[in-house]
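Throughout, numbering of the chain's residues begins at 1 and tracks the sequence.
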Amino acid sequence: MDAMAIPAMISNPVLIFFIVLVIILIAPILLNMIRVPHIVGLIVAGVIVGPYGFNLLERDSSFEIFGQVGLLYLMFLAGLEIDMYHLKRNLSKGVGFGLLTFLIPMVMGTLASVYLLGLSWTVSLLLASMFASHTLIPYPVVARFGITKNRAVLIAIVGTIVAVIGSLLVLATTVDINKTGGFAMTNLLWILVKLGIYCLVLLYVYPRLSRWFFKTYSDNVTQYVYVLAMVFLASWLAQVIGLEAVLGAFYSGLLLNKFVPNVSPLMSRIEFVGNALFIPYFLIGVGMMVDVHVIMQSDTIVVAVIMLVVALLSKWVAAFAAQKAFKMPSSERQVMFGLTTAHTAVALAVVTIGYNMILPDGSRMLDTTMLNGTVVMILVTCAIAPIVTSGAAAQVKLQMLTQGLESSASPRRHNMSTLVAVSNPVTAASLLDLALMMKRKVTSESLFAIHVRNDNSPSSKAIGENALKLAGNAAAGANVQMQSIERYDLNTTAGIVNVIKERDISDVVVGMHLRNGMMTDSYLGSKIEALLRDTNKMVIISRCYTPINTITRMVVVVPKKAEFETGFEAWVIRVATLASRVGCELIFECDLAIKPLIRGVIHNELIDVTQEYRSFTEWEDFALLANRLQDDDLLVVIGARHTSLSFNSVMDDLPGLLGRYFSHTNMLWVFPEQFGESPQLVSFSDPMTSDINSSASIFTRKMRAWWIGTKKYVKNWRNS
């Protein structure tokens with residue numbers, strides 16, 4: 001084969017894509033052996049196969065397109081994976097760090113450009129804006145270590161947005177000065193006005209449109225395409241108003257954050273496609289821009305060294321100042337420094353604009369030497385940033401694990417295992433999603449799905465197999481192991497109870513019974529009532545009309561003496577975990593005396609969720625809650641079996657109240673675990689109760705209701 005045949009063969013699109021996939025496959029494997037972050041390997045691989053290396057691949061339009069998509073995908077993931085609870089708590093610190101990591105490089109970069117590189121003040125400001133900006137290239141490193149909720153990571157992410165916005169404003173101002181010959185405040189204000197309008201419009205449209213879409217379409221592929229479409233729409237609109245597309249990608253991630261929970265099949269697909277294809281493509285493309293031959297030139301080396309020193313030192317000083325101001329450990333300072341060190345997107349935009357801009361004397365604003373020095377700076381910072389971040393992230397992760405073990409050390413741990421009863425293929429996936437949302441990552445939990453059939457007909461077998469298959473697909477999509485159980489039993493409840501005993505199940509998730517309209521049919525149905533009688537484990541009954549990820553608030557109604565139940569801590573953990581996963585507000589309607597106990601459980605389990613507590617003592621006014629609930633709220637009722645300590649006589653009326661006033665409300669009815677192995681004898685639908693205090697309870701309830709009504713009448717009469 002002659003030498004001319006190689007370029008022609010490498011130009012084959014199939015072979016090009018194969019080479020890229022081989023690089024993505026082998027680079028992490030080889031570099032893991034020498035403990036070097038795989039991000040560095042992808043950039044170096046791009047240098048080797050690129051036009052300035054062995055010239056195996058040309059940086060054509062495919063690399064430009066996939067590279068741009070990868071950069072936007074990277075910023076989108078950063079916004080999507082942010083824990084909004086921690087973001088709100090660290091927002092002010094993030095803005096403060098953003099100002100530091102913008103202003104310090106701006107000052108140092110301007111002075112260095114004027115006095116060391118001999119540039120004019122206008123050109124120096126343009127070059128300094130490149131030092132002030134950075135790209136979150138090392139973000140996959142902190143994601144792999146699982147420290148995305150750490151305050152240093154959140155502060156760095158917020159700081160990135162502040163620094164990028166500031167850099168783009170400086171870029172626009174310097175370009176305007178070069179074109180008009182002077183500074184115009186109106187142009188800067190106009191950019192800020194457009195930015196404000198852009199943010200407000202997307203803040204209003206995106207959540208409403210997304211909530212409608214996720215309610216209407218449940219197909220995973222359709223949802224994934226919708227999410228990507230929203231990302232690129234926001235990115236394009238950012239370019240329309242004169243800003244960088246990366247800002248739009250990050251902002252869309254924040255707006256879609258609530259609708260894509262971390263533990264969900266959709267999130268797994270988004271992360272998989274990005275980390276497997278788009279982001280590596282972007283990193284390889286960055287390496288392909290490096291001209292190794294130009295680096296060896298003396299003038300380029302001098303300029304590159306000056307730019308590297310300014311870029312690295314200014315970012316380190318900013319991180320050091322933030323560490324001292326916020327009283328953070330040195331490991332978190334290194335995380336902030338590592339995340340804000342890499343320069344790519346805005347740096348390339350700045351140097352490209354400066355290179356293409358012709359001054360009145362015919363020279364370029366930034367010459368070839370500055371262009372090559374910038375490329376060297378990009379390569380070195382992109383190589384250093386992941387290494388620094390990786391070392392610091394390991395220390396932060398170790399600190400988080402140590403603090404978690406110390407904070408959660410308690411006499412009894414919660415070894416939870418969940419059994420999801422699926423009977424209908426239509427609701428199987430949604431029930432599994434609910435169980436996944438309640439699952440704690442920090443504990444070793446088992447997940448089971450069961451379908452009990454009462455006959456061996458082909459149709460019954462097909463329904464069971466389909467329901468279990470859909471449940472298994474939902475679990476697999478979220479990277480969670482689930483064991484399917486198909487059981488034959490003449491009594492459905494007996495089949496579930498036997499599995500509970502065999503597998504040591506801690507809680508059961510079932511769907512709400514649909515009433516058939518017969519007079520003998522109860523609100524919960526005979527099967528669920530039998531399940532509540534025959535097991536003392538926690539039973540969670542679900543009836544959600546909308547997808548769980550579209551919930552805006554969770555309203556939890558807690559009875560008195562609920563803290564004395566055996567399963568008190570377990571249901572608090574499940575409910576708080578669900579609210580944390582969905583990212584919604586958690587409102588407890590309870591006796592305020594129980595507030596410290598609930599908060600204590602949530603705090604000890606390290607669950608981060610916004611909590612609100614409202615006084616609720618009169619269960620006779622339970623129906624009044626219906627006026628305060630919205631369509632996107634989730635009502636969680638903490639029930640009680642008849643022999644439990646938290647049971648009160650008003651709970652006998654709950655089925656009727658729920659059916660009358662909350663028929664269209666998303667609802668979970670939770671029956672906590674209680675001691676005792678003997679089955680209960682009382683049924684919700686059985687009027688012939690064996691409770692010897694039932695007659696007295698009915699009389700007491702009627703007298704209490706009469707007394708409350710009388711007091712209200714007298715109070716209204718006095719007010720009138």
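- Distance CD1/Ile104 to CG/Leu100: 5.0 Å, rounded to 0.5 Å.
- Closest approach of Pro138 and Gly338 over heavy atoms only: CG-O, 3.3 Å.
- Aromatic ring centres of Phe232 and Trp236 lie farther apart than the 6.0 Å criterion allows.
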**Q.** Derivation of the side chain to side chain contact (heavy atoms under 4.5 Å, CB included) call for Phe54 and Ile48
**A.** CA-CA 6 Å; Phe54 288 98; Ile48 295 173; 3.5 Å; yes
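- When all heavy atoms of Val153 and Ile147 are compared, the pair lying nearest together is CG2-O, 3.3 Å.
- With Phe278 as the fixed residue, the ring pair (Phe, Tyr, Trp, His ring centres under 6.0 Å) test singles out one of Phe272, Tyr73, Phe76: Tyr73.
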Q) Going through the distances and angles, do His134 and Thr160 end up as a side chain to side chain donor-acceptor pair (under 3.5 Å)? A) CA-CA 7 Å; His134 55 264; Thr160 298; 2.8 Å; yes
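- Side chains of Tyr139 and Thr389: no donor on one and acceptor on the other come within 3.5 Å.
- Within the 3.5 Å criterion, the main-chain N or O of Ser133 finds a donor-acceptor partner in the side chain of Ser167.
- Ser252 contributes a side-chain N or O that, together with a main-chain N or O of Gly248, makes up a donor-acceptor pair within less than 3.5 Å.
- Of the possible polar contacts, none joining the Ser390 side chain to the Ile387 backbone as a donor-acceptor pair under 3.5 Å is found.
- Side-chain contact between Ile23 and Ile284 is present, with at least one heavy-atom pair separated by less than 4.5 Å.
- When side chains are defined from C-beta on, Thr552 does not count as touching Glu585, because their heavy atoms never get closer than 4.5 Å.
- Under the 3.5 Å distance criterion, the side-chain polar atoms of Gln334 are left unmatched by any main-chain donor or acceptor of Ala392.
- Closest of all the heavy-atom pairs between Leu468 and Ala449 is CD2-O, 3.7 Å.
- You'll find the side chain of Val142 stays beyond 4.5 Å of the side chain of Val396, heavy atoms only.
- Ring-plane geometry between Phe63 and Tyr281 is classed as tilted, the angle between the planes lying from 30 to 60 degrees on a 0 to 90 degree scale.
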Q | Derivation and outcome, side chain to side chain contact (heavy atoms under 4.5 Å, CB included), residues Lys93 and Arg151 | A | CA-CA 9 Å; Lys93 294 180 180 179; Arg151 61 176 178 175; 4.2 Å; yes
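- Ion pair Arg581/Asp433 not flagged as a salt bridge, since none of the NZ, NE, NH1 or NH2 atoms sits closer than 4.0 Å to an Asp/Glu carboxylate oxygen.
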Q: Tell me, with the steps shown, if Phe250 and Ile157 meet side chain to side chain contact (heavy atoms under 4.5 Å, CB included).
A: CA-CA 10 Å; Phe250 178 80; Ile157 291 176; 3.3 Å; yes
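- Here the CG-CG distance, from Asn257 to Asn549, works out to 11.5 Å after rounding to the nearest 0.5 Å.
- What you find for Ser446 and Phe448 is that their closest heavy atoms are CB-CE1, 3.5 Å.
- Across Lys258, Arg211, Arg208, a single residue satisfies salt bridge (charged side-chain N to carboxylate O under 4.0 Å, His left out) together with Asp632, and that is Arg211.
- Considering only heavy atoms from C-beta on, Met307 comes within 4.5 Å of Phe131 through its side chain.
- In this structure, the side chains of Cys544 and Leu634 come closer than 4.5 Å at one or more pairs of heavy atoms.
- Screening Val310, Leu312, Leu308 for a side chain to side chain contact (heavy atoms under 4.5 Å, CB included) involving Met377 leaves a single residue, Leu308.
- Each of Thr418, Val480, Thr577 was evaluated against Lys439; a single residue qualifies, Val480, per the side chain to side chain contact (heavy atoms under 4.5 Å, CB included) test.
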Q: Just do the side chain to side chain contact (heavy atoms under 4.5 Å, CB included) check on Leu432 and Met482 with the steps written out, would you?
A: CA-CA 10 Å; Leu432 221 294; Met482 186 204 78; 3.7 Å; yes
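- Side-chain contact, Gln399 with Ser331: a donor N or O sits under 3.5 Å from an acceptor N or O.
- Put simply, the side chain of Ser218 never gets that close to the backbone of Phe214: no donor and acceptor are under 3.5 Å apart.
- We find the CE-CD1 distance between Met336 and Ile155 to be 6.0 Å, quoted to the nearest 0.5 Å.
- Taking the ring axis of Phe337 as reference, the NZ or CZ atom of Arg333 does not stay both within 45° of it and closer than 6.0 Å to the ring centre.
- Between Tyr217 and Phe213, the angle of the ring planes lies from 30° to 60°, which puts this pair in the tilted group.
- Counting heavy atoms from C-beta on, the side chains of Leu434 and Leu578 come closer than 4.5 Å.
- Between Ala478 and Leu436, the shortest heavy-atom distance links the atoms CB-CD1, 3.8 Å.
- Below 30°, between 30° and 60°, or above 60°: for Tyr251 and Tyr198 the angle between ring planes is between 30° and 60°, a tilted geometry.
- Environment of NZ in Lys469: sparse, with no more than 12 heavy atoms of neighbouring residues, nucleotides or ligands closer than 6.0 Å.
- The backbone N or O of Ala132 lies less than 3.5 Å from a partner atom in the side chain of Lys315, making a donor-acceptor pair.
- Contact check for Phe282 versus Leu72: no side-chain heavy atoms found under the 4.5 Å cut-off.
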